[in-house]
Amino acid sequence: VLILESHRQEDFVLGSVELAARTGAEIWHAEPQLPYGYGRPVRDGQTWSVGRLRLEALSTPGHTPGGMSYLLHEQGGAPWVLFSGDTLFAGDLGRVDLPGVERREEMAGLLYDSLFGKILTLDDGILVCPSHGPGSVCGESIAPRPWTTIGLEKSTNPKLRLGDRGEFVARIARVLPRPPYFRKMEDWNLRGAPLLGSLPSPPPLDPEAFRERAEHFDVIDTRPILSFGAAHVPGALSLWMDGLPSFAGWFLSPDKPVLLVNEEDDPREALRRLVRLGFDDIAGSLAGGMFEWNRAGLPSGSVRMASTPSLCRALDAGEGTVLLDVRKEEEWEEEGRITGALEIPLTELPERLGEVPADRPVYVFCGTGLRSMTAASLMLRRGAADPVVVLGGLAGWSSTSCPLA
C-alpha cells in the first residue's frame, strides 16, 4: 500500500501518518528540502506499479517549492489521470505566497514553468484530480467540480490565458489572506500529526454544566441560521456545517477547547471536520440542544433577520441604516457592489470591527445569509447592540438610493 503526498498541506491535517499506522502503508512525501519526521522523499520521474497501472511523479513546484503531481498511466502506458495537488485546480491555480511573501514572484515563475512546461503539454482528455474544491483558501475561486480535464482548463481557466510569463507572474504573485491556524497545520504535517486512533467522543453536557464551561471555551453552533437567529447560547459562534472547513480556522483559538451545539444527536460529522483542521480538543456538546437549554430557563441570545426587499425599503427610507457587506473582493467585482455599503470580508471582520458603527442598526449582507449570521455572531461576541442578518442575495435587490454598481 502506498501513500503519495503532493506537498505539505497547509489547510488540513494530512492523514498519512494515521493511515500508515492502521495499514502499514509506505509514505512518500514531496518537499525533500524540508526536515520531515516520517516517510521518504519522492524523486522527479519516480514510478510505482499499481497492479497493471503505473504512477509517475512529476515535479511541479509553484504552490510550494517542492510540490509534486502524480500521473497515472493505464495498462497500455498511455497517461490517463493527473493528481495535480495544489498546482492546478478546477478553474483556478494554487496560491504562491505561502512559502513567504518575499518569494511570491519566484514561486509564480516556478508555477508558470510547471504548468506551461509540463502539465499543459499533456493530452487534453486527461482527467485532473486536484487536492481541493471550492472554499479552500489555497486558491482564490476554485470551481465546484470534483475533477476536471486538461482541455477544459485550457478553455475555461482564466489564469491559464495569461500565456506571457511576465504577465502571469504579475497577476499570480499576490498576497492572499492567511488563516492563523495554517502555522499549526504546517508544523503538524511536517512532524506527523498526533495519532488519534478514532474521533473524539465529547461528553453530552446538561445545560448548567454547558453554561459553566461556555464562559471559558469556544462555543460553535452548527444549526441552520434560522434556528440560531431565533435562540442561541450567548457568545456562541454560528458556523453552518458546510462552513466549518472554510471558516472555523479563522475564528477559533487553537489553544481553547471547543463546545458544540448542533441539531443532530450524533455530532460525528462536525467532529470530523474540526479534527481535520487540528481542533481535536472537543470538551462537550449540549445534551438535548437548545430545547433543553430553554427548558432549563437559561438566558439565550437572538438575532434580528430581514429580507432583501425590506432592507432595500429601509435604505430608501433614509433611516440612517448601515449596510455591512461581508462578501469577498471577487464577489464584489463579479456580482456587483452595493453603493454606500461598508465592505469588510468576513475573514477580516474580527480585526476591523472598530469600523462598524455601534450606535445604529447594522444590516449584514453576504448573498445568502450564512456568512451574515456568522458575522452577526462575531459582532455579538464583541458587544455589538443590534446586527440584522439579511436573508437572501442580490436577486431581490431593488434599492434606488443604494443601487448595484
Side-chain angles (χ1 to χ4, degrees), residues 1-16 18-20 23 25-32 39-96 110-136 138-161 189 245 276:
V1 181
L2 297 170
I3 298 172
L4 306 179
E5 297 180 356
S6 60
H7 64 292
R8 181 185 62 172
Q9 293 281 355
E10 302 86 3
D11 59 341
F12 62 86
V13 179
L14 280 171
S16 303
E18 186 89 31
L19 187 59
T23 64
E26 186 177 40
I27 302 174
W28 292 88
H29 59 73
E31 315 291 349
R40 291 192 284 171
V42 173
R43 302 185 312 277
D44 185 29
Q46 187 171 349
T47 61
W48 301 265
S49 294
V50 184
R52 297 183 178 183
L53 307 178
R54 181 169 58 89
L55 274 165
E56 176 187 5
L58 298 179
S59 175
T60 51
H63 175 66
T64 61
M68 286 281 178
S69 297
Y70 296 93
L71 186 61
L72 180 65
H73 297 259
E74 63 180 1
Q75 182 178 349
W80 177 19
V81 183
L82 179 73
F83 300 94
S84 59
D86 283 20
T87 301
L88 175 62
F89 297 129
D92 203 357
L93 307 176
R95 61 190 290 179
V96 297
L110 291 173
L111 184 63
Y112 179 92
D113 296 338
S114 294
L115 289 164
F116 291 91
K118 286 189 177 180
I119 289 179
L120 298 183
T121 65
L122 298 172
D123 187 84
D124 283 0
I126 290 177
L127 294 174
V128 177
C129 298
S131 288
H132 300 294
S136 170
C138 288
E140 290 183 89
S141 52
I142 304 174
R145 299 192 297 270
W147 52 267
T148 184
T149 68
I150 297 292
L152 186 59
E153 293 310 304
K154 284 181 179 178
S155 62
T156 63
N157 192 319
K159 293 178 181 176
L160 295 182
R161 296 174 189 153
N189 289 334
R276 294 293 283 174

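Note that the coordinates shown come from a computational prediction; the quantities given were computed from them, not determined experimentally. Any value given below was found using the heavy atoms of this structure, including those in side chains, with hydrogens, waters and symmetry copies removed.
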Checklist entry - Are the side chain of Arg276 and the backbone N or O of Val13 linked by a donor-acceptor pair below 3.5 Å? => result yes

Checklist outcome for this item: Pro32 meets the side chain to side chain contact (heavy atoms under 4.5 Å, CB included) criterion, sequence neighbours left out, with Pro41

Checklist outcome for this item: In this structure, CG of Leu58 is separated from CD of Gln46 (nearest 0.5 Å) by 12.0 Å

Checklist entry - Among all residues two or more places apart in sequence or in another chain, which pass the salt bridge (Lys or Arg N to Asp or Glu O under 4.0 Å) test with Asp44? => result Lys118

Next on the checklist: Tell me the closest heavy-atom pair linking Ile27 and Ala20, and the distance in Å.
Outcome noted: CD1-CB, 3.7 Å

Checklist outcome for this item: Contacts of Arg145 meeting side chain to side chain contact (heavy atoms under 4.5 Å, CB included) (sequence neighbours excluded), chain-then-number -> Ala90, Ala143, Thr148, Leu152, Glu153, Thr156

Next on the checklist: Can you list everything that forms a salt bridge (Lys or Arg N to Asp or Glu O under 4.0 Å) with Glu10? Sequence neighbours excluded, please.
Outcome noted: none

Next on the checklist: If the condition is side-chain hydrogen bond (donor to acceptor under 3.5 Å, both in side chains), which residues does Asp113 pass it with, not counting sequence neighbours?
Outcome noted: Arg165

Next on the checklist: Would you compute the distance between atom CZ of Phe12 and atom OG of Ser131 and round it to the nearest 0.5 angstrom?
Outcome noted: 6.0 Å

Next on the checklist: Checking Pro158 now: which residues fulfil side chain to side chain contact (heavy atoms under 4.5 Å, CB included) with it, not counting sequence neighbours?
Outcome noted: Arg161

Checklist entry - Closest approach of Ser136 and Ile142, non-hydrogen atoms and distance? => result CB-CD1, 4.1 Å

Checklist entry - Under 4.5 Å between any side-chain heavy atoms of Leu160 and Leu93, yes or no? => result yes

Next on the checklist: Just verifying a value: how many Å separate Leu115 CG and Leu120 CG, rounded to the nearest 0.5 Å?
Outcome noted: 5.5 Å

Checklist entry - Which atoms form the tightest heavy-atom contact between Ser114 and Ser59, and what is the distance? => result OG-O, 4.4 Å

Checklist entry - Are side-chain heavy atoms of Trp48 and Val42 found at a separation under 4.5 Å? => result yes

Item to check | Set of salt bridge (Lys or Arg N to Asp or Glu O under 4.0 Å) partners for Asp11, sequence neighbours left out | outcome: none

Please set out all donor-acceptor pairs under 3.5 angstrom arising from side-chain atoms of residues 67-89, sequence neighbours excluded.
unit_1 : atom_1 : unit_2 : atom_2 : d
Ser69  : OG     : Thr60  : OG1    : 2.9
Tyr70  : OH     : Glu5   : O      : 2.7
His73  : ND1    : Gly77  : O      : 2.9
His73  : NE2    : Glu56  : OE1    : 2.9
Ser84  : OG     : Leu88  : O      : 2.7
Asp86  : OD1    : His132 : NE2    : 3.3
Asp86  : OD2    : His7   : NE2    : 3.2
Asp86  : OD2    : His63  : NE2    : 3.2
Asp86  : OD2    : His132 : NE2    : 3.2
Thr87  : OG1    : Thr60  : O      : 3.3
Thr87  : OG1    : Thr60  : OG1    : 3.3

Next on the checklist: Please report the interatomic distance CG(Asn157) to CG(Asp92), rounded to the nearest 0.5 Å.
Outcome noted: 6.5 Å

Checklist entry - For Arg43, which residues count as a salt bridge (Lys or Arg N to Asp or Glu O under 4.0 Å) partner, sequence neighbours excluded? => result none

Item to check | Pairs satisfying salt bridge (Lys or Arg N to Asp or Glu O under 4.0 Å), at least one member in residues 75-85, at least two apart | outcome: none

Next on the checklist: According to side-chain hydrogen bond (donor to acceptor under 3.5 Å, both in side chains), who are the partners of Thr64, at least two apart in sequence or on a separate chain?
Outcome noted: Glu31

Item to check | For Asp124, side chain to side chain contact (heavy atoms under 4.5 Å, CB included) partners two or more places apart | outcome: Ile150, Lys154

